[in-house]
Amino acid sequence: MITVTGQCVAAFIFGSTVGLLVQRSRWCNTAALRDAMLFKSYRNTKALLVAMMILTLGFTGFISVGNGNPMRFDVGLNQFVGLFLFGIGMVLAGACTVSSWVKTGEGNIGALWALLFLIIGLFVSSLLWSFTYWPPAAATMTGQPNLAGLQFGFADALTLQQKTGIPAIVFGLIQFAALLALYRLILRKELVMQTARGQLNPQVARSAPEVSPAMPEPAIGVAMAGSAGASGSYQEEV
Amino acid sequence: MDLFKKTLDPIIALAIIALLDVFLFVIVGAWTVGGGETMLAGLAAKYVLGAKTLERIPFWTLVFTPTWAYWKIYISLGMGFGSFVAAVLSKEFYWRVPRHLSEWVMITIGGLLMGIGIRLSFVCNVSTFFGLTPEMNLGGYLAVSGIVAGAWVGSWIYKRVLEA
């Protein structure tokens, strides 16, 4: 069993590596959703899907052999409502939880401002929490279906394995196939788009970049693009 | 080093992160950011308002008791540190300040909505995509539906703001 200090050290090493890789790759979770919807650009979406495929196989694989630490988590409509608000917020702020930390590390004051207000939002809404009223928390986290607390009961790959006796990896493979199908759909869409562009201008087709250039970045990005012009060395997130 | 000269392919970056996340899942738990940020909010409130005042708010005694001995905080701090090191080594560190009032307003509203969303759902975008959904948790599917719908609405608002 790993000690608390060990957990914190492992978390810091993991976080630092993630920060470095995300900074170098300019990957952004907000862009993975926003760019696919607004600009039909899938650079970040494809990377997200690849990660989810690896994770699905890895997590369910380890769960099958009785390893790993799945989140003991209650399920309720609060997850839908909360992430709906989060989704609007991340597009408006131009940063999600990852990119706000990564951009802050690069010296982006806008991202630091987003983080500050994220923490203020968290605290202010914590005042409204009550364990007898929705949204539910600890008191309803029993794992039993509880309609009053909008809980549908606990269900994930581990509980599926326990209830059905089928190894979790089997369910994982089904989810992997679904994610792969989505990934291939995106590749096909990109190919169609490139061909369409090529028909208009063959020159473009030959040099068609995988990513759409000069993507306007909301809020924080506007400032980044502004100062990028000044220094000339900064590569836009795309 | 080439890593600090050219932009890394995000698929390679995310594949490495995913493998590390599987390792983290085995030793402590999957990658998450919202939990660490919630704890940081509690710690900040403890220093600003004092421990006695905070004890009167049920959320900070029943759900999250502010403590620095919480591994998720260090993922967030690590991400800031790793990005700072990468930015300095690749000469991409410089202060960037939003110039227009409209940007400040959008970032402020966006930040508040993200905070409220995390508090309400007990998850963030990272635990949705990199934790719950790969664990095949029903909450993950609900969260993915929520975040996609929210991003769609956000994109619509953003487009309107751009056009205006």
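Note on naming: letters A, B, ... go to the chains in the order of the sequence lines (proteins, then strands), and numbering restarts at 1 for each one.
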Select, from [options], the one with the greatest count of heavy-atom pairs under 4.5 Å involving chain A.
options                                   : result
Gly154(B), Gly80(B), Gly117(B), Gly111(B) : Gly111(B)
Ala44(B), Ala149(B), Ala30(B), Gly34(B)   : Ala149(B)
Val85(B), Val126(B), Leu24(B)             : Leu24(B)
Phe64(B), Phe25(B), Tyr74(B)              : Phe25(B)
Ile147(B), Ile109(B), Leu20(B)            : Ile147(B)

Flag the pair [X] / [Y] as yes when at least one side-chain heavy-atom distance between them is below 4.5 Å, and no otherwise.
X         : Y         : answer
Asp156(A) : Leu132(B) : no
Val91(A)  : Val153(B) : no
Phe12(A)  : Phe81(B)  : yes

Mind listing the closest non-hydrogen atom pair of [X] and [Y] along with its distance?
X         : Y         : value
Ala143(B) : Leu83(A)  : O-CB, 3.5 Å
Asn29(A)  : Phe129(B) : OD1-CD1, 3.5 Å
Met71(A)  : Asn137(B) : O-ND2, 4.0 Å
Leu85(A)  : Leu113(B) : O-CB, 3.7 Å
Phe59(A)  : Glu135(B) : CD1-CG, 3.7 Å
Ser125(A) : Arg119(B) : OG-CG, 3.0 Å

With a sphere of 6.0 Å drawn around CH2 of Trp152(B), does it hold more than 12 non-hydrogen atoms of other residues, nucleotides or ligands?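 Open: at most 12 neighbouring heavy atoms sit under 6.0 Å from CH2 of Trp152(B).
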Tell me, with the steps shown, if Trp101(A) and Glu37(B) meet side-chain hydrogen bond (donor to acceptor under 3.5 Å, both in side chains). CA-CA 11 Å; Trp101(A) 284 99; Glu37(B) 283 174 343; 2.7 Å; yes
Decide side-chain hydrogen bond (donor to acceptor under 3.5 Å, both in side chains) for Asn78(A) and Ser121(B); before the verdict, give the C-alpha distance in whole Å, the side-chain angles of both, and the deciding distance to 0.1 Å. CA-CA 5 Å; Asn78(A) 59 319; Ser121(B) 57; over 6 Å; no
Identify which part of Tyr141(B) has an atom lying under 4.5 Å from any heavy atom of chain A, answering side chain, backbone, both or neither.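 For Tyr141(B), the contact with chain A is made by the side chain alone.
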Under a 4.5 Å heavy-atom cut-off, does chain A meet the side chain of Val33(B), its backbone, both or neither?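 Side chain only.
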Would you please classify the geometry between the Trp60(B) ring and the Phe123(A) ring as parallel, tilted or perpendicular, with 30° and 60° separating the classes?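 Aromatic pair Phe123(A)/Trp60(B) classed parallel.
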Would you please indicate if the ring centroids of Phe23(B) and Phe14(A) are separated by under 6.0 Å?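 No.
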Go through the steps for Arg24(A) and Ser90(B) under the test side-chain hydrogen bond (donor to acceptor under 3.5 Å, both in side chains), then give the verdict. CA-CA 8 Å; Arg24(A) 291 316 303 136; Ser90(B) 50; 3.2 Å; yes
